[in-house]
Structure formats: structure tokens, C-alpha cells
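See structure below.
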Amino acid sequence: MHVGWWTRPDTRPVLKFDGNSGHSSGFWWVGAGIIYVGGRLSVDPRTRELVYFPGRMNDPQRETCQPQQEDKYCASDNFAYMRFRNTKVFLGLHTGFQHWGSRGEIIGFEAHDIGLAASALGYFWFDQMLVTCRTGETMQYDCDETCNIAPWCAPTNGCSYKNVMNTMWGNAFNWYDIGMAHILTSVTLRQCGLRTNNHGPTAGCGDEERGGCNKESTAWGAFGFSDQFVPEFMQATKNVKYENCGRTFAIQNFLLADATASGKLSNGMRSTHSGRQQNWLDVDGTASGRLSPTILGSALQEAGSWWWLDMGCTKTMDDMMWGCNARARSVGSVTFEWLPNHASLIGTAFCSNEKANRRPCTAVGYVTHWGYNWVGAALPVTMNGKVTGAMGGFGWHLKFTAGSPRKLVLKDLQVPSDSALMLSVAYPPHTTFTITRRASQWCGSWYFDKILNRWLEGQMCSHTFSAVSSVRQVRSSPGNVYFFDGSLLYLRVVQAPEHWLGKPFWKIYEEPSWSLVRNGIRMRRPSLFSHIEIDVDCGASLSQASFCASVPIAQVPPACHSVNLGNRLGALHPRLRGYDSCCDEALTNCVGPSGDGTEGTLWSPPQPPPPPLPTELTAPTLPPGSCYIYLFTCQQEAPLHTWFRDTYGEANLNTGVERTACLERAEEVATWCGIRPSSLFMHFNEPGAIVVSQPRTRPPPPPSPS
């Protein structure tokens, strides 16, 4: 390509990558893949020559986007995915397929005799994936050229093939640490993971020369060495098969491999913040072997009972994870901040990621489920206030060792719209609160309506919560009220859209951010720019100005209490069966946090009755070269139960010329309406004559109305 051409290749997806293979490569460094996406091609300003840097280059993160969006913010409706089909890699010491972001679809992927089959940074779907970590064939490796640097080349005996095998992993896939969305479906793993006494004599990979592997090898791995980078809900699997595998799963923490005491982590514990919050949705239970929809959560001792959701949970994945019935449950995440410039302190003054010069990350409080008041039940909260856990239960209780924070911010919210997250925080009596929800700083009252193709006024950018008189009122609210009973502050945490709060009214949006949806699995992403501010009038502590002068005395709220259950069980002493269910003494009749029902009935926002089906769904057939939309429901101002023209798409996105452009418009319309694409129809009328489509461009917005 020409050095003066304005196109940025790193923002473009590949045109076609189908039927390719690679082998006997990827030895340069541990992050090098046989198939590798992650370097940078740039122009040397001194020589005007193109120079390729082969290392990891993803800062800023590679945003693969639709054409004409190279130098603009890449909104979710412009996302493009690099698609790799029918790809095979084999004979790789390190990684077979390495992609440093940010979006991709890997369909029909095979890896054989490999250290790590695949690693991907960003939002990815792997489908029809076959990994044979060890085929049993003797692998050839030329040690002579690398003996000066390779760790397996002992000076006394030269290059040892057995040492090579004992250094090479036998891993299939590693979950990343933060900000990802990975969906893996139809996966078969063979001879992966270290063989231990718990497996058969030929399972996985052992320590022999033929098919040996590193002692840390595991079919699945999760990064658990960081106190700075902590996972939200971001990984799911479906239709997983194991064939003669060894160790299935490990929370990988290389810091403990050479640590003689917990001080190596600088947090006073034997685990990290990321290790305690590992989670995974096993959609059909095939990954865990439970064979029913399962939520997997960290079973590390210091995670307490945070991921033990009810009496039916069992340890699985080599006892590294709790497996609990998923039912209608979900997982989400909230980041708490209580200090000035809190975010800038993480990774610098507290809770770091590096192996050397670790920053302190000791517990400063805890969070636990309502009713979980036994010793060892709580999850430690550190200066990195990110908390990931199960939603839809009675509630989370947050408690700080230093008392009650005078300002508490809730950000990076990942809360599914069909799950209620109740939060309680202890405060001294007579405390008063001002609670405000704020959108991003660039939110304005005017917004462009893509459906009506005009500017409208009334976009909400901030909203002040009002006080109510009971916990039940808070739970049944759309998340814009609070209740203080003199010792505990209660509010319902709702995920709002990133750049606005309402158009014009406050409501719960089904899709407040965007979701990665593949093969029937929906992975909702957090809203990163809107947040909740809780400003507290309680007087400052003399020793810690960010906390109240008085220390609260409130304990973990009870879950199975008449106030919460309304005596619906008819039991004198209802028993807690899990974070979201209370039962009678015989554990036969159970209810959820709100409303009657069977075990684990979860609260969900009241839904309007389904719209009446149209008596006639026949779309208009005129004029030629037109694109029509039919909406059943929409959380914006738009025509309902009638076909209307996509005037904006026809003018700017070729939806009146290209059938694909018209049909793909459904995702954008659904996102704008806050609904799922299944709640609308698109119809395309072919042009009457040959029309040359124009580049899809979006016109610059008109100046804001005065």
C-alpha cells in the first residue's frame, strides 16, 4: 500500500480468510502465535519506509469498524468482526492462534500438538473448535539454534527433548482478565491438561517424552494473578466435549508458583482480587459436567461463600469453581469508588498487575449476600472496588472497615435488565443523602432521532433519586429511589445507557449498552460512562476524611424476614436456601426476593402486555428501492404497529439499494429502541432499475438548535 494513503488497515476486517493452515512456528516469544494479529505496520518518518513491529500493539485497542469510520468513534452499530474460517494450526511451542483485538469470529478452527490453542483479546466467538493438545506423535524440535536462550537447554547436557516437552503447555484456551466478551460453542478438547492421579493412565499429557507437557497445563485457564485487572461477566460456553483430557481448569496465578509466603502478593492473602471473582456461564452444563445450565464461580477459600448460591451448588472444574444451577439467574458487575481520584490510584498506589513492585491490595471491607451472616461468607473488598457476582437475589451488603464513605460512586455497571440488584450500605443514624444518576459528560438535551431523521429535545443527562418509605418500594422501582431506615441505605442498582438516561423519561432499558450475541447466547456489556453518585451528609472522621465521623452498627440484612417475604410462606422461621430463595422449615415451599413462586423465583420488572399481533403483516411493495421497518414496541418516539420507510438508512446507508444493508439495519434500530431485534421486522423492495450503490457515509450532524 502507498505510504500517503489515508486508510488505516488496523481498523479494517479481513476480506476473506478461509481454508488456511500454519505450523512449526510461533517460537519467538510466549505471545507469538502461528497465526498472529497484533503487530503494527507504520512509516518510519526518517526513511519513509514501511516498518513492521511484530510485538503486541493494541494501545489504543484495535477497533475493527465498518468502512468510512477509520478516524471516528466506532459505535456499536458500526462494529466489524474479523472472520477466520476453516483454519488449522499444528506443531507450535506456544500459541496457535493469537489475536490482540478487538473483534473476531473464528469458525471451524483446529489446533494439534500445540502449547495453547488460542488466545484472543476483545470480543470473540469461537465455533466448531477442535483442539488436540497432544496427538501422541513424536514432535521434532531443532534445539541447536535456540540453546542460548531457551529455558530447557541445560548447559551440562545440551538440548533435552524431554525438557522441551515438560516446558511446553498442553492448554486449549485461556480466559482473559478484564474487558472481554468470549463465547465458545461446539468445542471438542482431546488430550489436554496435565495427567494426574485423578485421571486415567493415558489421559491428558504426562511427563513422558511422547506427548509430555508443563506441570501447569490445563484444558481451560483463567488469568488470576492480578489485583488490578478483574473480570466482569464476560465468558460463556455451550456444547463442550472432552476426550481423554487431564486437568480441566485452573485459576492461573504465576505469582504463587515462586512465593513462599502470602506477602508475595502484597495483599495479605493467598489469592488475588481477580482470582476470587472468576466466573463463567456454562450454558448447557457440558463444560462442567453438570449437564444443566450452570453458573461457575470461584471456589478459592478467600472468596468465601460469594459464589455459593444455594444448597444445590457443587464444586466442579477440578474443585476450582462452584457450579450452581443457572435457572433465570445472571451475573453482573459494579465498581465502587469512595476516594478522590480513586481510579488513578489503582495500579499506581494500590492493587497492581506487575510481578515486581507489587502495590498493597489488602481488604478494606467486604460484600456479602443478604442473609449470609456466617463467618467466612463474605467476599473481601479491596481498594480496587470492582465486584462481580450473581444478580437477582435478595441483595448485596457492602461494609467498609473504616466505617461509612461520605461519597460513594457506582460505575462500570453491568446489570441485566431482567435482574434486580439491591444494595445496602450501613450509615450512622440521622444521615442524609443526595443520590444522582449521571450520564456521560458529553450528554446534551438535544439528540438525533435516527428513525424520524430529525433532531429532538428532551434527552435526560442527570436524575436525582427520591426517598421512599420501604425496601419493597425500592425493589419494585425502576431504580431511581432510595430508602434509609436509620441504619441501612437501600437502593436498586440499574444499568442505564452510556450517553443518556432517558428520552425523555427515566426507565429500565433492555439494551442499555450493547451485547455480543452468538448462537443463542447473549453477553451484555457494561455501561462505562454513566454512573451513580451518593453524596452523604454525616460529618467527616478526624482520622479518615473520606468516611463519616460515626461508625455504623448495622449488620448484614436478613433475607428471610417477614418484611421481605410478607409472610407468604406461612412459616414461623423461614430458612435461607440460597442467595435468592427462602423456604419453610421443610424446604418444600420456597419463594424468591419478591412475589410468590417456587424455589428461586426471581423478581423482574413489570412487563407490559405483549402488543397485539397485526392482522396483516404484508409489507408495502412500492416504491422500488425502499426499505421498511415494522416495530412492535420501542422505548423511543417511533411509529408502532405499522410499516414505515427507513428514510435515514436509504439516504445514508444504502438500505434502499442493498438487501443486506436493509436487513442488517435491524440491529441498529433495535439498539436505538432498547429492544431485541426479534421485536421488529425489516422489508426490502428491490430497485426497479440497476442502481449503483454509494459509499455508506453518515452526514455530519447539523449544528445544535439555538
Side-chain angles (χ1 to χ4, degrees), residues 14 17-38 82-100 104-122 124-141 164-165 167-176 182-195 203-206 210-214 216-223 235 237-250 252 286-287:
V14 293
F17 197 100
D18 193 344
N20 293 288
S21 63
H23 65 90
S24 307
S25 183
F27 290 84
W28 178 50
W29 66 299
V30 69
I34 293 177
I35 294 178
Y36 181 79
V37 181
M82 298 185 72
R83 187 172 289 114
F84 298 79
R85 291 184 178 274
N86 304 313
T87 305
K88 181 182 293 186
V89 294
F90 52 98
L91 294 177
L93 178 66
H94 296 307
T95 308
F97 180 91
Q98 176 71 65
H99 199 304
W100 291 116
E105 295 179 344
I106 320 301
I107 302 172
F109 174 69
E110 292 188 28
H112 306 277
D113 283 328
I114 205 78
L116 172 65
S119 179
L121 184 74
F124 277 81
W125 175 39
F126 285 80
D127 185 49
Q128 302 169 50
M129 179 175 175
L130 169 62
V131 179
T132 308
C133 293
R134 294 295 182 271
T135 63
E137 297 296 324
T138 301
M139 289 179 277
Q140 301 298 318
Y141 184 74
V164 173
M165 291 295 97
T167 303
M168 183 176 173
W169 288 337
N171 296 8
F173 194 85
N174 284 350
W175 303 116
Y176 235 91
H182 289 151
I183 297 175
L184 278 71
T185 55
S186 298
V187 178
T188 299
L189 307 182
R190 296 173 179 164
Q191 299 289 157
C192 295
L194 181 71
R195 181 184 310 143
C205 45
R210 289 173 60 87
C213 62
N214 183 282
E216 304 297 330
S217 296
T218 179
W220 305 93
F223 288 171
Q235 47 217 28
T237 56
K238 181 180 179 181
N239 190 19
V240 175
K241 298 179 181 178
Y242 301 102
E243 297 182 3
N244 210 28
C245 286
R247 184 165 57 184
T248 306
F249 177 78
Q252 298 166 335
T286 53

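Start at 1 with the first residue, then count along the sequence. Worth saying up front: this structure is predicted, and the values here are computed from it rather than measured.
Among residues two or more places apart in sequence or in another chain, the side chain to side chain contact (heavy atoms under 4.5 Å, CB included) test is passed with D127 by I107, W125, T185, S186, N519. For Y176, the side chain to side chain contact (heavy atoms under 4.5 Å, CB included) partners two or more places apart in sequence, or in a different chain, are R56, W100, S119, L121, M180, H182, F223. Taking the side-chain hydrogen bond (donor to acceptor under 3.5 Å, both in side chains) definition, one finds that N214 meets it with nothing, sequence neighbours left out. For L130, the side chain to side chain contact (heavy atoms under 4.5 Å, CB included) partners are E110, H112, T132, T188, R190, not counting sequence neighbours. Partners of I34 under the side chain to side chain contact (heavy atoms under 4.5 Å, CB included) rule, at least two apart in sequence or in another chain, are S25, V89, I114.
Two residues are said to be in side-chain contact when any heavy atoms from C-beta on lie closer than 4.5 Å; V131 and F173 fail this criterion.
For Y242 (side chain) and A287 (main-chain N/O), a donor-acceptor pair under 3.5 Å exists by modelled atom type. The backbone N or O of T218 sits less than 3.5 Å from a side-chain atom of N171, completing a donor-acceptor pair. Between the side chain of R134 and the backbone N or O of G212, at least one donor-acceptor pair lies under 3.5 Å.
Residues C213 and G170 share a closest heavy-atom pair of CB-N, 4.0 Å. Considering all non-hydrogen atoms of both residues, Q252 and N174 come closest at NE2-OD1, 3.4 Å. Heavy atoms only, all atoms of each residue included: M168 and G115 are closest at CE-N, 3.6 Å. The heavy-atom pair separating A219 from L189 by the smallest distance is CB-CD1, 4.0 Å. The shortest non-hydrogen separation linking L184 to V187 is CB-CG2, 4.0 Å. In this structure, N239 and T286 approach most closely via the heavy-atom pair N-OG1, 3.3 Å.
Between the CZ atom of F97 and the CG atom of L116 there is a distance of 12.0 Å, given to the nearest 0.5 Å. Here the CZ-CG distance, from F84 to D18, works out to 11.5 Å after rounding to the nearest 0.5 Å. The CH2 atom of W220 sits 10.5 Å away from atom CZ of F249, with the distance rounded to the nearest 0.5 Å.
Applying the salt bridge (charged side-chain N to carboxylate O under 4.0 Å, His left out) rule to pairs touching residues 22-37 yields nothing, sequence neighbours excluded.
Cys pair C133/C192: SG-SG separation is below 2.5 Å.
Relative orientation of the F126 and F109 rings is perpendicular, given thresholds of 30° and 60° on the angle between their planes.
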